[in-house]
Protein chains: 2
Amino acid sequence: MAAPTLRTLARELGLSRTTVSDALCGSHRVKAETAARVRAAAKAAGYERNPLTGAVMSQLRRSRGQQFRGVLAAVEIVEAVHSPLAQRYNDALMSGVMARAGELGFNVERFVVGPQGVRLNRLDTILHTRGIQGLILLPASGFPDLSALSWHRYTAVYADYFIDHPPLHCVCSDHYRSMIALLRELHARGYRRPGLFMEISLSERLQFRWEGAFLALQKYLPEITEVPTLRSRNINFETFAPWFRKHDPDVVIGHFPDAMDWMSACGAKLPSTHGFVCLNRLRTSGNCACVDLQTAQLGARSTELVVGQLLHNELGVPTQPSLTTIPARLIEGPTLRPRGAKPGRGDAKPGKVRAGATSRHSTSEGGEV
Amino acid sequence: MAAPTLRTLARELGLSRTTVSDALCGSHRVKAETAARVRAAAKAAGYERNPLTGAVMSQLRRSRGQQFRGVLAAVEIVEAVHSPLAQRYNDALMSGVMARAGELGFNVERFVVGPQGVRLNRLDTILHTRGIQGLILLPASGFPDLSALSWHRYTAVYADYFIDHPPLHCVCSDHYRSMIALLRELHARGYRRPGLFMEISLSERLQFRWEGAFLALQKYLPEITEVPTLRSRNINFETFAPWFRKHDPDVVIGHFPDAMDWMSACGAKLPSTHGFVCLNRLRTSGNCACVDLQTAQLGARSTELVVGQLLHNELGVPTQPSLTTIPARLIEGPTLRPRGAKPGRGDAKPGKVRAGATSRHSTSEGGEV
DNA sequence: ACGAAAAAATAGGACTGTCAGATTTCCGGG
DNA sequence: CCCGGAAATCTGACAGTCCTATTTTTTCGT
């Protein structure tokens, strides 16, 4: 006897194929009693749905007609005040989200949760009544808890490193790899005493990824003089200057562009005697070399993930959350000497990558930082 | 305007959809003149046939709706000999790939590229004639170059950290975060002198992620005594014993289970005086605590990514490659004392996590390692 | 030159599972 | 008894293929 199909099964049961399909997918549109009956019959008949056909049919049915496919929610969780930087970061993310969502046929609506916006259970209601199923959660300070939402109705991505309530897929910049690539590039330009300053709160938030990569590569790059990291709760001229004067790094890496002034005040000339790289482009005003975290790309990829799951009807919390990362890019600026230029001081040799295993890495990842 | 389909095109041309389909497939059943006319119209209308739908329909028609499945290729690139460990790793990946592929309606075929298998351009031909479009590339040693394949025909994922020829999406274990979580867990169990040994080649391959996380957390965990990492081209008893005797770590972390013997030979008792964690479960024989890299999950996620792109007809090299990671898990074993147990030596205090920011991390990521 | 048979070209039907929208069934209140 | 609304169920349309049916064209013997 031939393998049973949806239609065969439906005829046997005296139901329509749709009802059978819905019943087997656990749709709420079917009466529980009927669904049970269908499942029993399917099991008895040895029916197995063809998942590939199902996927093809699904996208077929959806793509029919006009372009508009639905609405995504961009959810911002604001506990207290929102720093201007966080706001700029979220705006950059959103530009990527909107662009890709538009390409994929979705509209995006922004919601703010917290004291200044709606409460969580109110959001749940709004999303439900509006029929919104796809959520993009913008980075929140601390450890946001969204477990109160009815997750069986939504599919979501958190645009930051980690969320545990509930454990969702995350999308974030690849800080670790970016630091590795940055140091390799600086090394190739002849810098031999890279120094890193870092506020402890920032470092903790990223699980020390900037610093971990920095510490590891200090050990592995050839001819490096290890400059200890300046680690502090509060980085300002008073904490920076003694560290800079004592260890005299030939290139300084850190989050605050103010460091350029501090370096100058200590007698450094940029870029002739010393270099500087800011770790976040959004903090700069375009007057120094910096790392572009590719924020818009992150937003775009987040959107792709959510839409992909939406189109396959994958709602709820994922069984195994994953983290998707995108490498950052080095933006050139007047605070770094280019490749091949002569170092400004005697203790470093002209920038040429040494042969060996590391140089192969350097070649393969040279374009990005 | 909606995307043109076979039927729209046929109506425009005043032909039946069958004729159009045959014409586009270059069937001899259609008059050459008609075929040319159809191809011109298809190009003008921007018609693109959905190959996956085509495959589904074809098999559906032939096999009377039996269980049709698409096909994915799992490609193994073997330069010379394949170490037993690499083989076991790939097999574990494959089990995850096969399982998820089955759920999604795909069969998987394994191909071996290299001296022992087919050449790259031969693979290209095979995949083309078989109509295979989805590729899962298993980890290869070194820096594999697959740019010779006709990438406009395929969508692929590399199941390792990085590939640049061509730059594809990658899926890999999150070694960095796993080390962070592992150290937090060891700290919570009262260990205060963690020591890491690492072969340089291994470390380089992973871009020092194990070590980077280790170095960073040594700085940030409270009450830690920093034990320098044992770093060597070749780790054996002769290199291990002096390091172990000199620094006396209270828990040793590394890839080789042999270290347990070396520790015993130096007078250590596991787990009463010292602990040990192997960094790769596949290297152990189940007699020690170890880190499970979640290999099957990685295979599953890789498959999801490839299938997702296939269903959306997204072929070719991605515009922006991304890296997807999954955290590893700590597997308990007789070489670690449990949480709350008393340390075996006087220099460490009972295992209680200190209050503060780090403890929140520890709580939120405690389950995984 | 004509008609029948052969050949070539094109058209039709059936097949899968899904989803939006239509239709039917059910139930309580007026 | 009927109306309104909700719940449950059904209908139709959709993709590309391939086998078969139908139409059109060509061939060829008389």
Side-chain angles (χ1 to χ4, degrees), chain A residues 2-11 13-38 42 47-70 105 131 133 310-315, chain B residues 2-11 13-38 42 47-70 103-105 131 133 310-313:
Chain A
T5 73
L6 256 193
R7 284 162 164 82
T8 334
L9 203 59
R11 252 197 308 279
L13 285 158
L15 290 166
S16 78
R17 53 193 197 293
T18 313
T19 312
V20 175
S21 174
D22 286 351
L24 292 175
C25 290
S27 165
H28 57 280
R29 291 167 61 120
V30 183
K31 195 156 68 169
E33 187 195 328
T34 315
R37 198 160 57 96
V38 170
Y47 169 77
E48 278 183 52
R49 110 190 170 94
N50 184 331
L52 191 51
T53 312
V56 168
M57 289 303 152
S58 174
Q59 71 161 26
L60 174 63
R61 191 68 188 76
R62 282 174 201 266
S63 65
R64 187 185 58 115
Q66 68 281 23
Q67 287 290 314
F68 178 72
R69 300 191 191 189
Q133 298 187 305
L310 226 46
L311 290 180
H312 296 127
N313 251 354
E314 287 164 21
L315 300 180
Chain B
T5 71
L6 258 193
R7 284 160 163 80
T8 11
L9 204 59
R11 250 198 308 278
L13 284 159
L15 292 167
S16 77
R17 60 196 194 295
T18 313
T19 310
V20 175
S21 173
D22 287 349
L24 291 175
C25 292
S27 164
H28 58 280
R29 294 167 62 114
V30 184
K31 194 154 68 169
E33 186 194 329
T34 316
R37 199 160 56 97
V38 170
Y47 169 76
E48 276 184 52
R49 147 181 189 286
N50 185 333
L52 206 57
T53 311
V56 169
M57 292 304 157
S58 171
Q59 287 297 320
L60 199 58
R61 202 73 206 93
R62 288 170 194 265
S63 63
R64 285 260 170 235
Q66 296 290 357
Q67 67 295 346
F68 166 65
R69 337 212 98 221
E103 289 171 18
L104 297 173
Q133 307 192 103
L310 272 185
L311 288 176
H312 296 123
N313 215 1

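Letters A, B, ... are given to chains in the order of the sequence lines, protein chains preceding strands, and every chain is numbered from 1. The structure presented is a predicted model; accordingly, all values stated were derived computationally and were not measured.
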### Query
Taking five pairs at each end of the helix from C:dA1-D:dT30 to C:dG30-D:dC1, what angle separates the two helix axes (nearest 10°)?
60°

Would you say [N] has OP1 or OP2 under 4.0 Å from some side-chain N or O of [X]?
X     : N      : answer
A:S21 : C:dG17 : no
A:S58 : C:dG17 : no
A:Y47 : C:dT16 : no
B:R49 : D:dT17 : yes

Using every non-hydrogen atom in the two residues, find where [X] and [Y] come nearest and quote the distance to one decimal.
X      : Y     : result
B:L310 : B:L52 : O-CD2, 4.0 Å
A:L311 : A:S58 : O-OG, 3.8 Å
A:A10  : A:S16 : CB-C, 3.7 Å

### Query
NA contact type, B:R7, heavy-atom cut-off 4.0 Å: base, sugar-phosphate, or nothing?
base

State which residues pass side-chain hydrogen bond (donor to acceptor under 3.5 Å, both in side chains) with [X]; sequence neighbours excluded, sorted by chain then number.
X      : value
B:T53  : B:N50
A:E314 : none
B:S21  : none
B:T18  : none

### Summary
In 5'-to-3' order, the base (B), backbone-only (S) or no-contact (-) status of each nucleotide in nucleotides 4-10 of chain D, using a 4.0 angstrom heavy-atom cut-off, is ----SBB

### Candidates A:T8, A:V20, A:L24 - the one meeting side chain to side chain contact (heavy atoms under 4.5 Å, CB included) with A:Y47
A:L24

### Task
Could you point out which residue of A:D22, A:L13, A:L15 forms a side chain to side chain contact (heavy atoms under 4.5 Å, CB included) with A:T34?
A:L15

Starting from [atom2] on [N], measure out to [atom1] on [X] and report it in whole angstrom.
X     : N      : atom1 : atom2 : answer
B:E33 : C:dA9  : CD    : C1'   : 12 Å
A:E48 : C:dG17 : CD    : P     : 12 Å
A:L6  : C:dC19 : CG    : C1'   : 13 Å
B:R11 : C:dG12 : CZ    : C1'   : 15 Å
B:N50 : D:dC14 : CG    : C1'   : 12 Å
A:L52 : D:dG16 : CG    : P     : 15 Å
B:L9  : D:dA15 : CG    : P     : 12 Å
B:M57 : C:dG17 : CE    : C1'   : 9 Å

